[in-house]
Protein chains: 2
Amino acid sequence: MSCENLFREQLRQRGLRLTPQREAVLSVLHAVGRAASPEEIFVRVSAVDAAVDRSTIYRTLDLLDNFKLVTVIDSGEKQRLYELSDREIPHLHLVCRVCGKIMGVDLDVLQPFLTHLDETVKFQIDLTNITMQGICGDCQKVASGNNFISTQS
Amino acid sequence: MSCENLFREQLRQRGLRLTPQREAVLSVLHAVGRAASPEEIFVRVSAVDAAVDRSTIYRTLDLLDNFKLVTVIDSGEKQRLYELSDREIPHLHLVCRVCGKIMGVDLDVLQPFLTHLDETVKFQIDLTNITMQGICGDCQKVASGNNFISTQS
DNA sequence: CTCTATGCAAAGCTTTTGCACGTTA
DNA sequence: TAACGTGCAAAAGCTTTGCATAGAG
């Protein structure tokens with residue numbers, strides 16, 4: 001679990017400590033294998049350590065974010081989602097508006113666009129945190145029968 | 001001010017009403033000319049009508065969102081931002097991590113990418129709401145002298 | 001042993017909701 | 001004058017913070 005060692009080392013470098021709670025958060029992120037909300041992480045960590053506090057979860061996620069060990073995703077819902085960056089290549093997140101599913105897509109296809117942006121408006125996109133919303137293939141099928149876009153509250 | 005007429009008509013179609021408060025919100029969004037948070041909008045509307053309540057702002061923004069008259073942007077900050085869609089072509093928002101500035105970029109350059117996505121993973125991106133974060137040209141210059149990325153809280 | 005991290009409790013912020021009153025069409 | 005919208009107040013979520021204690025190194 002190289003990710004955990006990376007975390008351990010980052011902590012050591014700053015004189016910080018590897019606690020069971022921090023290990024648990026990391027472990028849950030691994031086990032879940034997808035983006036999860038602080039609340040979901042809290043519930044899952046609670047299953048192992050019933051005494052853990054929500055604030056510890058938030059503090060740990062903040063730490064992991066600082067260390068770039070997690071990616072923060074805005075799914076359009078209230079709570080942001082946290083996903084283990086692990087050693088994976090940064091990728092684009094596609095969030096389905098209907099079912100909430102999140103797909104990871106390779107950034108290669110975006111390269112021409114990114115280059116263009118950098119050349120024209122000199123804007124450098126943060127590759128570690130791109131999220132787009134839309135409708136996944138499955139939900140397109142389901143939705144094809146009705147109007148799909150509802151304008152009423 | 002065609003936007004206001006559009007709003008007026010949408011309201012009429014549903015038997016809803018054009019109140020001074022709703023006009024004020026629309027007016028502020030016009031005047032600001034960029035994405036603004038509910039709080040900023042509240043403050044600006046308050047300058048005109050001191051009695052207006054925050055809840056009215058939220059309700060109005062929600063209404064404008066339903067009518068697709070505003071675009072919601074996640075800038076990475078706590079509050080989402082609202083920008084008048086007006087009659088503009090949907091565009092991509094580039095949020096600068098450093099100065100918070102938001103640039104609008106034409107979606108044309110993304111087209112090959114979007115087509116590719118649709119063909120490969122069958123995902124249809126919502127064009128009205130794409131936001132990416134990064135560093136704008138100005139801030140790149142400023143940052144070039146230091147390490148830029150700060151890992152401490 | 002020292003200094004960090006945790007749990008607890010409380011507060012802070014943003015957003016939502018119920019309700020009586022005011023206003024629009 | 002019949003709905004609809006607003007202000008007010010309160011509540012509801014999510015997140016942060018202060019502090020005494022527990023625990024890692």
Side-chain angles (χ1 to χ4, degrees), chain A residues 4-5 7-28 35-43 45-46 48-67 70 72-82 152-153, chain B residues 4-5 7-28 35-67 70 72-82 152-153:
Chain A
E4 192 153 0
N5 286 334
F7 189 31
R8 200 183 292 269
E9 191 178 331
Q10 300 241 36
L11 290 171
R12 185 150 31 212
Q13 281 179 12
R14 299 167 190 244
L16 304 181
R17 290 162 195 182
L18 185 62
T19 63
Q21 291 89 338
R22 288 176 176 172
E23 283 189 293
V25 169
L26 212 51
S27 163
V28 161
S37 66
E39 185 61 20
E40 177 177 358
I41 296 167
F42 167 70
V43 170
V45 171
S46 294
V48 181
D49 171 9
V52 77
D53 192 76
R54 244 174 279 259
S55 63
T56 301
I57 306 294
Y58 280 104
R59 289 189 271 230
T60 302
L61 289 174
D62 199 39
L63 202 63
L64 289 169
D65 186 25
N66 285 157
F67 291 171
V70 292
V72 185
I73 303 173
D74 183 344
S75 68
E77 301 300 310
K78 279 180 197 167
Q79 291 196 305
R80 301 239 162 93
L81 303 181
Y82 294 80
Q152 53 208 4
S153 71
Chain B
E4 191 154 358
N5 286 334
F7 189 33
R8 199 183 293 269
E9 191 179 326
Q10 299 243 35
L11 289 172
R12 186 150 31 213
Q13 281 179 12
R14 298 167 191 243
L16 305 182
R17 289 160 197 185
L18 185 61
T19 63
Q21 292 89 336
R22 289 176 176 171
E23 282 188 291
V25 169
L26 213 49
S27 164
V28 161
S37 67
E39 185 62 22
E40 177 177 357
I41 296 165
F42 168 69
V43 170
R44 287 176 182 268
V45 171
S46 295
V48 181
D49 171 10
V52 76
D53 192 76
R54 242 174 279 261
S55 63
T56 300
I57 306 294
Y58 280 105
R59 289 189 270 229
T60 302
L61 289 175
D62 198 40
L63 202 63
L64 289 169
D65 186 25
N66 285 156
F67 289 172
V70 292
V72 185
I73 303 172
D74 183 345
S75 68
E77 301 299 309
K78 278 179 197 167
Q79 291 196 307
R80 301 240 163 92
L81 304 181
Y82 293 80
Q152 52 209 7
S153 74

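Only this structure's heavy atoms are used, side chains among them; waters, hydrogens and symmetry mates stay out. Fair warning: this is a prediction, and the values are worked out from it, not measured in the lab. Convention: sequence-line order gives letters A, B, ...; per-chain numbering from 1.
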Engineer: Using the side-chain heavy atoms of A/Leu16, tell me which of these nucleotides is nearest: C/dG7, C/dG18, C/dT4.
Structural biologist: C/dT4
Engineer: Quick one: A/Gln79 CD to C/dT15 C1', roughly how many Å, whole number?
Structural biologist: 14 Å
Engineer: Distance-only, no hydrogens or angles: does the B/Arg8 side chain make a donor-acceptor pair with backbone N or O of B/Leu18 under 3.5 Å?
Structural biologist: no
Engineer: Check the distance between C/dA25's P and B/Leu11's CG and give it to me in whole angstrom.
Structural biologist: 9 Å
Engineer: What verdict does the side chain to side chain contact (heavy atoms under 4.5 Å, CB included) test give for B/Thr60 and B/Val45, after you've listed the backbone C-alpha separation in whole Å, the side-chain angles of each residue and the deciding distance to 0.1 Å?
Structural biologist: CA-CA 12 Å; B/Thr60 302; B/Val45 171; over 6 Å; no
Engineer: So with a 6.0 Å cut-off around CD of B/Gln79, is the heavy-atom count from everything else above 12?
Structural biologist: yes
Engineer: If we only count heavy atoms from C-beta on, is the A/Leu16 to A/Phe67 side-chain gap below 4.5 Å?
Structural biologist: yes
Engineer: If you find the nucleotide of DNA chain C closest to B/Glu39 and the one closest to A/Arg54, which residue's nucleotide is nearer the 5' end?
Structural biologist: A/Arg54
Engineer: How many Å lie between CD1 on B/Ile41 and P on C/dT14, as a whole number?
Structural biologist: 14 Å
Engineer: Pick the closest DNA chain D nucleotide for B/Arg17 and for A/Arg8 by heavy atoms, then say which residue is nearer the 5' end.
Structural biologist: B/Arg17
Engineer: If you count heavy atoms of other groups shown closer than 6.0 angstrom to CD of B/Glu39, is the number above 12?
Structural biologist: yes
Engineer: Who passes salt bridge (Lys or Arg N to Asp or Glu O under 4.0 Å) against B/Arg44, sequence neighbours left out?
Structural biologist: B/Glu40
Engineer: With sugar-phosphate meaning primed atoms plus P, OP1 and OP2, does B/Arg12 contact a base, only sugar-phosphate, or nothing at under 4.0 Å between heavy atoms?
Structural biologist: nothing
Engineer: Of all nucleotides in DNA chain D that come within under 4.0 Å of a heavy atom of chain A, which is furthest toward the 5' end and which toward the 3' end?
Structural biologist: D/dC14 to D/dG25
Engineer: Kindly compute the distance separating CZ (B/Phe42) from CG (B/Leu61), expressed to the nearest 0.5 Å.
Structural biologist: 12.5 Å
Engineer: What is the distance, to the nearest angstrom, from the CG atom on B/Asp65 to the P atom on C/dT16?
Structural biologist: 11 Å
Engineer: What is the distance, rounded to the nearest whole Å, between atom CZ of B/Phe42 and atom C1' of C/dT14?
Structural biologist: 13 Å
Engineer: Taking the side chain of B/Pro38 as its heavy atoms from C-beta onward, which of C/dT17, C/dA5, C/dT15 lies nearest to it?
Structural biologist: C/dT15
Engineer: Whole angstroms only, please: what is the OH-P distance between A/Tyr58 and C/dA11?
Structural biologist: 19 Å
Engineer: Measure from CG on A/Asp49 to C1' on C/dA5 and round the result to the nearest Å.
Structural biologist: 13 Å
Engineer: Mapping A/Leu18 and B/Gln21 onto DNA chain D by nearest heavy atom, which one lands closer to the 5' end?
Structural biologist: B/Gln21
Engineer: Does B/Arg22 use its side chain to pair, donor to acceptor, with the backbone of B/Arg17 at less than 3.5 Å?
Structural biologist: yes
Engineer: Using C1' atoms of five pairs at each end, report the bend of the helix from C/dC1-D/dG25 to C/dA25-D/dT1 rounded to 10 degrees.
Structural biologist: 40°
Engineer: Start with the C-alpha distance between B/Tyr82 and B/Leu64, add both sets of side-chain angles, then the distance that settles side chain to side chain contact (heavy atoms under 4.5 Å, CB included), and finish with yes or no.
Structural biologist: CA-CA 9 Å; B/Tyr82 293 80; B/Leu64 289 169; over 6 Å; no
Engineer: Map B/Ser55 and B/Thr19 onto DNA chain C by nearest heavy atom, then report which one ends up closer to the 5' terminus.
Structural biologist: B/Ser55
